Every structure is written in structure tokens, then in C-alpha cells.
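The structure under discussion appears below in the form of C-alpha cells.
We name chains A, B, ... by the order of the sequence lines, and we start the count at 1 in each one. Since the structure is predicted, the reported quantities are computational estimates derived from the model, not experimental observations.
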Amino acid sequence: MTDSAENSALDYSTTLYLPQTDFPMRAGLPKKEPEIVARWLDLGLYKKLREDAKDRPRYVLHDGPPYANGNIHIGHALNKILKDVITRSFQMRGYDSNYVPGWDCHGLPIEWKIEEQYRAKGKNKDEVPVNEFRKECRDFAAHWIKVQTEEFQRLGIEGDFETPYTTMDFHSEARIAGELLKFAMSGQLYRGSKPVMWSVVERTALAEAEVEYQDYESDTIWVKFPVVNGPDDLKGNFVVIWTTTPWTIPGNRAIAYSGRIAYGVYEVTAAENDFGPQPGEKLVFADALAEECFAKAKLEYRRLRDVKADELATVICAHPLEGLADGYQFAVPLINGEHVTDDAGTGFVHTAPGHGREDFDAWMDFTGDLMRQAVLSGSGKTQHFSFDSARECFVTAGKDFHTTIPFTVDDAGFFTGDAPGFGPDRDGGPARVIDDKGKKGNANQTVITALIEADRLFARGRLKHTYPHSWRSKKPVIFRNTPQWFVHMDMDLGDGTTLRSRALNAIDDTRFVPKAGQNRLRAMIEDRPDWVLSRQRAWGVPICVFADEDGNVLKDEAVNKRILEAFEAEGADAWFAEGAKERFLGNDHDPAKWIQVTDILDVWFDSGSTHAFTLEDRPDLKWPADVYLEGSDQHRGWFHSSLLESCGTRGRAPYDTVITHGFTMAEDGRKMSKSLGNQVFPQDVMAKSGADILRLWVMNTDYWEDQRLGQTIIQTNIDAYRKMRNTVRWMLGSLAHDKGESVDYADMPELERLMLHRLWELDAVVNKGYDDFDFKRISRHLLDFMVLELSAFYFDIRKDTLYCDAPSSTRRKAALQVVHHIFDRVVTWLAPMLPFTMEEAWLDRHPDAVSVHLEQFRKCPDEWRDDELAAKWKKVRTVRRVVTGALEIERREKRIGSSLEAAPFVHVTDDALREAIEDLDMAEICITSGVSVSSTPAPGGAFTLPDVNGVAVVPALAKGRKCARSWRVTEDVGSDPEFPDVSARDAAALHELRKLGRI
RNA sequence: GGGCUGGUAGCUCAGCUGGUUAGAGCGCACGACUGAUAAUCGUGAGGUCGGAGGUUCGAGUCCUCCUCGGCCCA
């Protein structure tokens, strides 16, 4: 090796166009990102984006509102990042793509928080005026909106955070109420009833999340129901049920059995006691439970025969309290129940539809079936049929059958008139289930006594089990039938459609990404019962209707107008203010006749109405939205309620496209949880690595499915980020020498044209990816492009040209221009994904620019497409691969270090491959100092690759001396006496530079 | 228990309507360079495609069952 380089007088590095940039290799995102956010806010970037795009077609992604009650978690981050990438990408692809963030503000969790604060201060919610309480809820939500706004902005989310929408704005509340009134006026809203968990102590309904299960001792009873119709030999026998809530017997309306369980008729053969069942009595039990039951009643027995399910289906019993008072003289049918098991009890389940969810569902299925068979009038009026008529009789005779569910217990736990003999008509007043202290009242005992008197008690006992208790008072709760407001799913809306049919049609007309969401939503709509809108709560939009005692709603547009105007001006608090009833009813209606409903709307109705008060009402938006995007849980939630609300009021979905994302799991694929300590907090990732790292994770993941996130995965993304960042950095450094001199496409070397062709191809991939919301496809292609084709190929080859060529070199100018094209495209394509880093890069390249986010994706002219050239270079790279492989051996054997020390002989016997490289400078492409190509077969021992036929390489050292400037080994080093240690090309470059005063 | 959905190298992902020895990037190991330098280039080792049956000349790709996970219900 020559040592002229070391002895050189000139430090040639100063004569090279080496990359020059202040764009740091290490990003320092945690520090830099907040500065960029601040700059965007100072600029008013959101407004600038709108101004910039004001003449473009609008693209609206409607934000599903997060709940305003805490810091954001990884799910929020995922969701908002996806939305942001969509809005930013559409903005850069020719649309006015604005984004109005929203918040869900009403509802239970916020009420809890406020109550919790009250408890801490020793206050009681019920002692606080409702509007004072609502005010505190409002302030609480407002606080978290502020916090989350900052967190979202820190993530790089661009949106109208100055004027977001919230469900608690007065205007929103007015419009939500208005939407409800549309349902009321069109007759879709009706009052029905449903059992809910009820705390007598607190006089309030409880949600599932508000109860906890504690040990409790219940009275248990086995009750005999006499068979009055069915198979002849069963008449007069008893069907026996078991229950842990004796007080629900007055509410019994049916007995559930299971078609999967074996039953038999059993006869008592001996009795230990002289009370209770006596020898000769015949009873039906599940076979698996008979022994246990008879033992409990201290009886001996024998089994008489099987009882089949189809026999049970025909059985009608009398109510065990039929003899007690008027009101129990109805038939108790046996109904098939999916929930019935033979694990415990008797194999028959006492069904009191007002006192249990499963009871209610089984009962509704049963009555629903009957209704569909059109044998019932469905008038809603209670008209008991005679129990000595057969079931066939009432079915075929079309007798009236009461489908209403009795309200047997009031809010204070007392029996009502719907429980004859136990309510106000009872001597000594109504019996009580639970008292104000949460202790058992006398209801159970009273019912048991009545059953004994009627000789309908088979046995009794006590049972320790877990039972729901109020989270707050720690007292037991009961299931209690309560009036609720519903929307019909299957009522003819006057045009032959129903809410259900409209919703199903709307689903067919909607694009789902991924496709599976369509089936999921459809299945839910197909199956769902009527929509319950009411909640017995304080913090929400009221169901602002007046109803008479029968539940008929007052329909008066003048009243509605007064309500909505008041809400618009004062918020929904107006409904709860003193004198509201008289104020809204006005002079046309007698306040004594009308009941003001005080229930509030389920928050799903609020968020289901966001399309009305944002998309329709804001001039910057449009209805319907182009796209809704949320987690897959929202098939049951927001997608669902928005669909129903919109179909009920407008006949179609409020969206054209629905995108769903999965959930974020810990690294092992399991749910993140506090107790496992495997949670990842977006705040931590941002503080340690930066928001762009988190965003890159989102971009690289298959978000349609559940994703995983943890330390390893974050590190993977940090590594990918670094690679991309360094590639961008190198371009910035090279482009520092770009004078913007352009070279005609036709004058460009093939390598440059190849890169333009690749850009043209990538352009299609990128746009298709954004169209399909398939971001990982884009990020994958771009990263691969940067790694495989830029860093390891194009840049590596062109370093010599860019660093060493003379200022006048066309090759160098063409390369610069291509790097410029690559930079502009790669950076803008990535800008929606990595908004901070690409902003930083863009401003580094274009110091006078405002923001990369105001840019549009650059077009790639069709002129750039050259499939033939691409095919040719595929062959070139095949040959290159063999050369590189041969050099690797030389390196391993320590015969060379740098590839520039080599000048191999390449024997290409494959005609197609040789043709491809014939007119090319393979030394340049292989980054060697020379390549000799021949078509003669290679000598034995030449290097080949198993998958490449017709190419063999014989390595050789380059002849000549090492150029002190370009480090290539050439024979023309020293040809210019003025620069004796450099090659001719470099000497010429030096002359030019000197002429320009550069050296 | 039901509806929907998923399990391909350490990590993230490709593998279209079943067809040659299952791919990529990163990471890792080793090497080179020292003018992208806490960077860059090269080479290599990693997979019984969750498991078991079955259909087929042939299955990661189709069918059945099992298993582990997820969302929503019950």
C-alpha cells in the first residue's frame, strides 16, 4: 500500500463535499418535542392548516369522545395517534382534513368521584341540591379535559383543541335533549320496566360496577307449585322450586326448566314430621337433586317415572299463594330456560321477572314468543286468565295474557299493592324486605308463614353464600322492577321500516376496516333487545319529558321549544331547577296531571348524539362523517349507539367508514394490569424516548388486532427510528451542498433513474397504504427502502460521487437532485407518522418554511417509471451480490480491508446478466477500484453463489496507488504533477475547486 | 357458556385464490471501515409456521378437535 496519503501536505477532507449538518444523530426527543409543540401552538398551526386547505374537499374524521376523568393511558394514545395519522395524511393528500376532538363528560364515574370527595368531607350527596352537585361534576370534567388536552398535544395530535366539543356544553345538552324529544315525538320512546339492582339504604339504582359480593346468610325455601294442566297423571302433583329470596314469591310468574336435565316424578313414602309433605304426595324434581331435596325435608321417597322436557313444556301450575288473596289466580307456565342447571336447587328455577336479570330475560323470551304467535292482545292491561283453563286453551283461544311485570317492592323495600296480601292491604301494613339500616325486614318471614298456611312449603333452611352489596354502604341490595324508558327496536316507523331494519341496512352501506367489524356489529343489532335510555342518576342530560300515570308522553312542540331554549341558555340544569315543571308545561297543561320524569339519559345516548351537535352544527364539519375510528369494544358502544340514534332520527348511519383497532397487551400477550406491574404508560415512553417512538410503534403494529407493548418492543422501535433518522440526517448533510442545479431526466445516469423509478413505485404503495389505513405497510416499505436501497446501496455507491466529484460534474448534480427528490418525498410521506422528527428535518432543509405539515405529498411523474430499467438493475444487483460475496472472503482472509483495495475479475457466462452490466461501470456499483468483466468461463476455484448461475468472481487487488483524496486505488494517481498523490479525477476536481476559491 | 377474533425466527411484520429447500427489517454473533462514527458496510446463526388429527400427489395456507390469549356478552 502506498503511504502517500499520510504524507500529503493537503488535508483533502476539506476539499470534499462531506455531509454537513447540525441535525443531530441523537434526537433528544423528550426535550425537543415539547419545544416543537410550543412552536406549533405559537404558529396557530391548526388555523393555518385550515386556511391553507379552505378550497379543498373536506375530509372529516369524527372523534369518539374519551371520558374526562383521568390521565390518558396507552389505549388513548393508540387511538389518538391513529386518528392523527389519518387526518394528517389526508391533509397532505389534497383534503381539508380537520379534526375536532371531543369529550364525554356526563355519567357515573364522575359522579362517584364527586361523591368520594363528599365522603372525605363527611358530606352526603343527598343533602346537596342536585344542581350544586351537577356543578361540581361539570368542574371535575372540565379539569380533566384540560389535562388530557395537554397530554394529547404532547403526543403530537393536531386538532382544534381551542374549541373542542364536549357533551356537557349547553348547546350539546340542548341538542341531546332535542334528539331525545325526536324519539318521543315519533312514538319510538316508551315507558316499560326492568329489574335493576337497587340499594334500599341509599334509595338508588346501582350499576354492576357499584356492587361488591360479600358473604351473606339467606333464608332458603323449597316451594310446591300445584300442576293444574299438562299430562293427566301429573295434574295434582307438584313442581318444586328452590329460592334464596322468599320475598320474591309474590312476584313469581313462571317456572324455568331445562331441556338438558333429566326429571322424574317422586312419591313421598314416609315423613318424619307431621307438618309439610306427607306420604302419597307426588312431586317433580331433577333426578340429580331429588335425594338431596328429600333429605332436606326429612322424607323417604320412591321414583315413579321419567318426565320429559316436551311434557314439561305443556305444564301449567297455579301460584302457591292462589288461595291467599285476589291477584294470584293466574297460571304459572313452565318455560325453557338456558340458565337452568342441576348443580343446586331442584332443577326448577323460580322465575320472578321483576327480581332478576335471568328471570327477566327468560320471561321476555317467553312472552315475546307468545306475542309473535299473535295469541296475546299485548294491550298491557293486566287481565289474568283462569288457571283451570289449559295452556292450549289460552293459547288457541287467544285469551288475554298479562305481560306486564309487577312492581312488588317499592323504593324503600316495602311490598306494594302488586303483592296482594303483603302490601298495604296486609294487617299491620306492608311487609318489608330490607330496612333503612340494611337489615332484613319481615318480608321473608311473612311469605314463609303464608306458604305454610297454604301448605305449599316443601322445606326451608338457611344458606351462606356471596350476595351483592352496595359498594358504598356495604349493605345488601335487591333486584327490583323499576320503570325505565325504552326505544322500540321493532316498531314500524311509518315507512315499513323499523329501527332495527334501518340499522341493519345502514351497516350494509358502511365500509368496515377491518371487514370483520361489519359482522360483529350486525350480530349485535340483530340480537339486541329494546334500547334502554334511562338511568336513575344525577349527572347527565335529563329525559326531559312529561308523562301521565300510564306512561303516555306529553307531545307538545311548544313545551319542547321552551325546554330546548332553556337548555341552550342555561344548560340541562334548567330541568332540575325550582319551578321547572310549571315553567315548561306553561298554561296549556295541568301540572297535576303530568309527572316530570327525573331520570337521566344513559351516556351512550349523549355520545350517540355527537354527530348531531358537532357534525351537523359546526360549519367546519360535515354530516355524515367520512370515518369513525375506535377500539373494537365500541361495536357495543359508540358505533352502536351512534348508529341507532342516527337511524332513529335520520334513517342512516352518521359515518361512511368504521375503523376499529384492537387492544394493547403487555409483552407476553396478556392484558396490562396494575397488579402484574406490566403496564406501559404513554407519559413514561414520551419522557424517556419520545412521542415519535410511541407513534412509530403504532405505525409498525397490526393495529386491527391486539398489539403488544413492552421494553423489548419499544427498543425495537427505537432502533428502527435511529436508522431512519440517520438516513434522513445523511441526506440533510449531503443536501447542504445542493445548489438546486437541475439535470434533465434524460441526462441522468441509470442509477439515478432507477431511484426515481423506485420513488414512483413507493408513491403508489404509500398512497394505497393511506387509502387502506394500512400504516404498517407504509412504514415497512419506507424503512426497507431506507435500509436496503438507500443506506446499503444507493448512498453507499454515491458517496464517492457526492464527496469527490468536481462541482461541475453532471453525475454529482444528478445525484444531488435525486437525493433532494428522495428527501422531499420520504420526509413528507413520514410526516403524518413522525410529525416531530419530520418537522425537525424539514425545517433543517428549508429554514424559511413554516411547517412540513403544510406541505402536500410530492407527485412522482409517470416519466420516472421505467420497468425495463428496474428489471435490468435487478440483474445488476444479482451480479453485485456475487462480487460482494467474493470480497467478503478476501476480507476474512485479511487480503483486503476496504472494498476499494480490490479489482476483481467477473466472469459472466449468463448472457442476460452480462448484457445487463455491459454498459455500466461495475466498479462504481460494487464500490471497488476496478472490475474486469469477461464472458469467458471462470477458472476453477472462482467464487460463486449457489443461487446465481453464470457468474463467477476471481478476486484481485487493484493495481496502482491509493488516491489520497478518494481512497480509490488507481493507476492514474500522480498523473497531475500538481497533485501527485491523487487520481486524475480528483486532481481535476481540485483544480475546479481552486478556481472557485474553495481551496 | 355464547358471538367475533388471533397465535409464522428474540422483536415487529410479509406470505394472494394450497405447489419448488418458509421470507424481510431490526436485534444478536462475527468481520470491515474510520470522510453518515454512540454512525456506516458485509457475512452468519436463528423457525417441527400454538398442538393433534384429517382432506390432498402436495398444507403455514382447507376441515375437525384441543390449547393459550383478546374484545363484547352471559
salt_bridge(A/D800, A/R798) N-O dist < 4.0 Å:
no
Quick one: A/F795 CZ to B/C41 P, roughly how many Å, whole number?
11 Å
The ring-ring contact (aromatic ring centres under 6.0 Å, His included) partners of A/F795 (sequence neighbours excluded) come to A/W730
Apply ring-ring contact (aromatic ring centres under 6.0 Å, His included) to A/H737 and list each qualifying residue two or more places apart in sequence or on a separate chain.
A/Y17
Using a cut-off of strictly less than 4.0 Å, decide whether A/K894 has a side-chain nitrogen or oxygen near OP1 or OP2 of B/G31.
no
Tell me whether the side-chain N/O atoms of A/K799 come closer than 4.0 Å to OP1 or OP2 in B/C41.
no
Just to be sure I understand the rule, does A/R722 reach a base, reach only the sugar-phosphate, or reach nothing, if contact means heavy atoms closer than 4.0 Å?
nothing
Please figure out whether A/M25 or A/G669 has its closest RNA chain B nucleotide nearer the 5' end.
A/M25
Reading nucleotides 23-30 of chain B from the 5' end, what letters show protein touch, with B for base, S for backbone sugar-phosphate only, - for no heavy atom under 4.0 Å?
-BSSS---
Regarding A/D702, tell me which of base, sugar-phosphate or nothing describes its non-hydrogen contacts under 4.0 Å with the strands shown.
sugar-phosphate
Look at all strands and tell whether A/G733 reaches a base, only sugar-phosphate, or nothing, counting heavy atoms closer than 4.0 Å.
nothing
Using the test side chain to side chain donor-acceptor pair (under 3.5 Å), find all partners of A/W842 that sit at least two apart in sequence or belong to another chain.
none
Is there a donor on the side chain of A/S791 or the base of B/A36 sitting less than 3.5 Å from an acceptor on the other?
yes
Which residues share a ring-ring contact (aromatic ring centres under 6.0 Å, His included) with A/W704, sequence neighbours left out
none
Going by the ring-ring contact (aromatic ring centres under 6.0 Å, His included) test, which pairs reach into residues 877-898 of chain A, not counting sequence neighbours?
none
Within less than 4.0 Å of OP1 or OP2 of B/C13, is there a side-chain N or O belonging to A/T701?
yes
Distance, rounded to the nearest Å, where A/L18 contributes CG and B/U34 contributes C1'
12 Å
Measure the distance from CZ on A/R636 to P on B/C71 and round it to the nearest whole Å.
15 Å
